> 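Below are the structure tokens for one structure; questions will follow.
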There are 2 protein chains.
Amino acid sequence: MSAIADVARLAGVAKATASRALSGRGYVSEETRRKVIEAAREIGYVASPNAASLVTGRTKSIGVIIPFISRWFFSEVLESMEQALLDEGYDMTLYNLPAPSPERERVFDYFLARKRFDGVISVGVALSDNEVNLLHRLGRPLVGIGGPIRGVHTIAIDDVACARLATEHLLSLGHTDIVHIGGSKEDEMDFQVHSNRLTGFYAAMDEAGLPSEGSGSFYACEFTMPGGYQVGQAVFGDPRTRPTAVFAASDEIAIGLIVAARELGIQVPADLSVIGIDGHPYADMFRLTTIEQHPRRQGRLAVLSLLAELETATPGEEDHLTVLPTNLVIRSSTSGPRPPHGG
Amino acid sequence: MSAIADVARLAGVAKATASRALSGRGYVSEETRRKVIEAAREIGYVASPNAASLVTGRTKSIGVIIPFISRWFFSEVLESMEQALLDEGYDMTLYNLPAPSPERERVFDYFLARKRFDGVISVGVALSDNEVNLLHRLGRPLVGIGGPIRGVHTIAIDDVACARLATEHLLSLGHTDIVHIGGSKEDEMDFQVHSNRLTGFYAAMDEAGLPSEGSGSFYACEFTMPGGYQVGQAVFGDPRTRPTAVFAASDEIAIGLIVAARELGIQVPADLSVIGIDGHPYADMFRLTTIEQHPRRQGRLAVLSLLAELETATPGEEDHLTVLPTNLVIRSSTSGPRPPHGG
DNA sequence: GCCGCCGCTGGAACCGGTTCCATGAAATGT
DNA sequence: ACATTTCATGGAACCGGTTCCAGCGGCGGC
């Protein structure tokens, strides 16, 4: 359509002056600025970001690497990042990369090397040193969400502490027969989330003098509601494996467990206490006690932190870890255990 | 880093030749092509899409406008579109625009006018004529998902038919006391989805000679599981308003209803049949009878259709509506009504 | 009255590709 | 043998901005 040359011609100035007037860089008299802006408005001029970024190297766009879109935590983070980027005048280019794979190699080599973005936010993805280095070489800052990446500023919650707190909540209610149901260490998407929550659980159990690692108090589970439901049916269906309390690694798992328990005629919390982690919008409806982790806050902070790094051109604090607060919300899925019958 | 001029120099040819060799356009001898490609590989050359799009006008990027990210249908569509675009070598730039608002005006005027994309897919968004025209003027094709937009190729399911089918399923089981619980017509996100499903419901009831519009057989509800739960508590809690069957406008609503019913001691399906629409992954776990609408298929088709339009440079069939098939999946949340007691 | 600085402006180079056009060599047709 | 095509290649213009640099008028200082 209309280029800056047209604006300049209409305003009766040179391209250079028009550019300065519109971008606000360099000396322009107040009168000239008004003329140029008026001319631009008149012909509906919109600058081509392509042309600009060709010379400035800035694209006003941020790349986001994320392994899932449809899982709660990720979609919340995504939504909040989109909002924050929009507010700051940035575009968001989305790369949904399920797992380390040839697919992902391809994206890194091809898409990311084209540097169509000023920076990258990686959500819950365990980037390899190689991948981090590639971005570094391109001079593109990187901020992570969800777990430490070597040499990268990361925003996360303290998963070990959360798990410990959740377990301690159950312990403080008097439970001794507690199991943890969550993601397994071997799970490919593990970004230390699974293992950290497991670690926190074992630590709390250990401190309470209860059987921990190796005692069979952990069941691996897909990180979804049906995953929790399935494991719940198996574990609660057999009186020999049924505990009095469960710490679930996510609210969705916890809800799946609650549904399974209800179907088996097990009273929650009278017969079984359940606690989760997340602060999922469904938690309230299932009266689930949980630890809220505020993903939207994490996403927003990641964006602001990345943009700050970009705009100050400081390399940012590498290896810096920002730990965001979480909070325990007690509803009625947890209570003290039923006194042993006949006891 | 390295520009095409470096590649040309290393290969001992002119920039123009190097460009032809790498892009595959125009005449280049096989030998020269090999030399250039080898040189490019050697210095790790990656073309700058900015520079290329500056002259070709193509960005190899698609803009997506979507009102929600975290709701099931939308996240599924998004994920499938991302996948399809990646496969075809396109980037996806995401614009999450909740509702018609000044916010949205701003995005249209500012972001979209910068034409950083070759085309646009709008998911479940009722674009105004103005907005459609703006895109048209920019020469960017547009494909919609979820409801007809004037002058735009749209991919959708037949919501009226789905609702009719769902209702007929309940009727065929012998139910006569049926209510519909779903989004209200006044809901701002209505993209004819709500009203179409309501229309289909009333049509089926009408045909069966049962009370339809204006008979109080419809309850408005937020389009989420807690929304369904809340309405379920209210409607099922009062024996006077409790029907024998419910057609829920979405699976999430249906599941919320089932949870509410179970808590009230109402047997599903013996006391209450429930059918939804979606094919949500949780449906199986709640044994929910539903009509599957395959959002991933919709997303994939939208991408392929848009790219085809782009690559053939045909303006596409405007006002064309592609209706994708849906299918009824019968599980055990529906059955015949309990015979009237004392009857 | 002259020098130097400041504020403002225009010309031109540049970012990194693509494409038009001219040129020349080889292959084909008559 | 000569006129055409066809294929290959290089030079240069161009896409639409930004930025460097030179020039110029006005003003204050000495």
Side-chain angles (χ1 to χ4, degrees), chain A residues 1-37 39-40 43-61 89 110 113-118 138-139 313, chain B residues 1-37 39-40 43-61 89 91 110 113-118 138-140 313:
Chain A
M1 284 285 126
S2 56
I4 200 171
D6 303 327
V7 176
R9 196 177 315 118
L10 184 57
V13 298
K15 262 175 65 180
T17 305
S19 172
R20 278 187 293 253
L22 292 171
S23 69
R25 274 181 293 271
Y27 293 113
V28 185
S29 76
E30 196 43 49
E31 193 196 332
T32 308
R33 162 167 288 118
R34 266 202 305 274
K35 270 195 316 194
V36 171
I37 289 176
I43 61 177
Y45 168 77
V46 178
S48 153
N50 277 325
S53 62
L54 188 54
V55 41
T56 61
R58 288 310 177 84
T59 64
K60 281 281 187 177
S61 171
Y110 178 62
R114 297 188 302 165
K115 34 190 163 99
R116 292 181 100 159
F117 41 79
D118 297 339
L138 293 173
Chain B
M1 283 284 126
S2 57
I4 201 173
D6 303 327
V7 175
R9 198 176 314 119
L10 184 57
V13 298
K15 261 175 66 179
T17 305
S19 172
R20 278 187 293 254
L22 292 171
S23 69
R25 275 182 293 272
Y27 294 112
V28 184
S29 76
E30 195 45 48
E31 193 197 332
T32 307
R33 162 168 286 118
R34 266 202 305 275
K35 270 195 316 192
V36 171
I37 289 177
I43 62 178
Y45 168 77
V46 177
S48 153
N50 276 325
S53 64
L54 187 54
V55 43
T56 62
R58 290 310 179 85
T59 64
K60 281 280 185 177
S61 171
D91 281 350
Y110 178 61
R114 297 188 302 165
K115 36 189 163 96
R116 290 181 101 160
F117 42 79
D118 297 338
L138 293 172
R140 298 288 183 271

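Naming convention: chains lettered A, B, ... in sequence-line order (proteins, then strands); numbering from 1 in each chain. Given the structure is predicted, the values throughout are model-derived calculations rather than measurements.
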> Which pair of heavy atoms, one from A:P49 and one from B:R114, lies closest together, and at what distance?
CD-O, 3.6 Å
> Roughly how far, to the nearest 0.5 Å, is CZ of A:R9 from CD1 of A:I4?
12.0 Å
> Hey, what do you get for OG1 (A:T32) to CD1 (A:I37), rounding to the nearest 0.5 Å?
11.0 Å
> Take atom CG of A:L54 and atom P of D:dC14, then tell me their distance rounded to the nearest Å.
17 Å
> Could you measure the distance from the OG atom of B:S53 to the CZ atom of B:R116? Nearest 0.5 Å is fine.
9.0 Å
> Between atom OG1 of B:T17 and atom NZ of B:K35, what is the distance when rounded to the nearest 0.5 Å?
9.5 Å
> Say you draw a straight line from CG of A:N50 to OG1 of B:T56; how long is it, rounded to the nearest 0.5 Å?
9.0 Å
> How many whole angstroms separate atom CG of A:D6 from atom P of D:dC15?
11 Å
> Does anything in residues 26-34 of chain A reach DNA chain D, meaning a heavy atom under 4.0 Å, and if so which residues?
none
> Between the protein and nucleotides 18-21 of chain C, list every N/O to N/O distance that falls short of 3.5 Å.
{"residue": "C:dT18", "atom": "OP2", "partner": "B:S19", "partner atom": "OG", "Å": "2.4"}
{"residue": "C:dT19", "atom": "OP2", "partner": "B:R25", "partner atom": "NE", "Å": "3.1"}

> How close or far is atom C1' of C:dG16 from atom CD1 of B:I43, stated in whole angstroms?
13 Å
> When the C1' atoms of the five terminal pairs at each end define the local axes, what inter-axis angle does the helix from C:dG1-D:dC30 to C:dT30-D:dA1 show, to 10 degrees?
40°
